[in-house]
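What follows is a single structure, written as structure tokens, with notes after it.
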Amino acid sequence: MVDTAALASTAGVEQVVHTVAGDVAPSELGVVLPHEHVLIDLGKFFEEPTDPIERDYANAELTLENLGWVRFHHRQSRDNLVLSDVQTQIEELRQFKEAGGGTVVELTPACAGQDVSGLVALSLATSLHVVASTGVYLDEFQSELTRTMSSEQIGERMVRDITEGIDGGEIRAGIIGEMGCSWPLTVNEEKALRGAVYAQLATGASISIHPGRHPDAPGLLLDLLSSFGARLDRVVIGHLDRTVPEHDELVAVGRSGCFLEFDLFGQESSYVRYGPVDLPNDATRIKRIAALIDAGFEDQILVSHDIAVKKWLSHYGGHGYDHILKRVVPRMKEHGISDDAMQKMLVSNPARLLALSQPVGH
Ligand SMILES: [Zn+2]
């Protein structure tokens with residue numbers, strides 16, 4: 001028997017993605033990078049060196065003279081921690097477009113220097129779809145205002161950013177994130193997460209999580225989100241590459257139904273780490289992904305670069321936003337990953353991640 005009432009209610013609903021240049025259909029996104037930063041200020045991570053020569057490097061502009069040092073002293077160069085030059089970033093993003101890219105999800109929250117008008121300029125200049133976010137990053141980045149707000153107030157602010165426009169403007173956020181979670185989770189971070197779930201339930205938007213640096217963090221966060229009533233099939237656990245090294249533990253995370261994001265492609269240094277887990281190289285990432293596809297999780301996998309500092313830009317000798325399309329995809333094929341699985345990771349999984357339901361003609 002056909003349920004005509006249900007048909008009528010779904011007939012009046014369409015799926016859209018909020019981009020900084022307006023709404024588009026999920027089928028128009030093309031290849032999506034679901035976790036990037038194009039304009040960001042991570043200055044709060046800056047650590048002043050004690051050595052006088054290193055201190056000169058730390059406060060100098062990033063050039064070939066200090067680049068070798070910065071590669072291994074990621075947080076000790078002020079200049080490295082800021083991406084603010086729109087013209088440079090247009091050139092960087094054009095490389096992704098020219099390699100076949102379609103959409104960049106810019107997960108920089110307001111407290112880490114989100115620049116919405118800059119994102120509009122980038123989208124117009126590159127003809128890429130750019131999705132902006134609403135979120136609250138790690139505790140040390142949170143503004144005093146956010147700290148005084150209740151989880152419901154944080155959630156209501158996110159709902160406004162998604163349904164009306166970010167920070168009172170007209171550009172609507174398309175995703176909640178990235179939600180910063182330390183290890184262990186702080187009280188302020190837990191409150192913000194509860195706000196994110198409030199906004200997810202009100203809007204249907206997905207939540208993208210930066211988990212703490214410990215293999216147990218994703219499982220604990222998923223349990224917490226679940227206790228808040230979150231839809232786990234609209235939650236991304238990011239940075240899995242540096243968080244969960246064991247296949248069986250990745251499978252356990254995947255069983256929750258969440259998106260499994262390997263978003264540090266191109267980062268291959270064994271000497272930059274802040275937690276107990278070694279950073280894998282790309283070949284190891286690809287092997288972990290291939291094993292997850294074999295275990296049946298291909299509808300949940302996402303891949304990205306999480307570029308957030310200058311040393312990873314191609315202008316500064318880094319891998320750039322086109323790295324996955326130019327170098328990782330061919331390598332994945334060599335590792336036996338099928339075209340069908342590739343299409344899911346690059347196109348259809350992120351389209352599902354970003355799709356929002358709204359009444360037709362909204
Ligand atoms: Zn990020």
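Order of listing sets the numbers, starting from 1, for every ligand and every atom in it.
Judged as a side chain to side chain donor-acceptor pair (under 3.5 Å), and not counting sequence neighbours, Thr103 has no contacts.
Here the closest heavy-atom approach between residue Ile166 and residue Ser133 is recorded as CD1-O, 3.9 Å.
Under the 3.5 Å distance criterion, with hydrogens and angles disregarded, a donor-acceptor pair is assigned to the side chains of Gln15 and Ser357.
Asp340 places a side-chain heavy atom less than 4.5 Å from the side chain of Glu298.
Distance check, rounded to the nearest 0.5 Å: CH2 of Trp312 to CG of Asp306 gives 6.5 Å.
Protein N, O or S atom count below 2.8 Å of the Zn ion (ligand 1): the structure gives 4.
Contact check on Arg94 versus Glu91 returns no salt bridge, with no Lys/Arg side-chain nitrogen under 4.0 Å from an Asp/Glu carboxylate oxygen.
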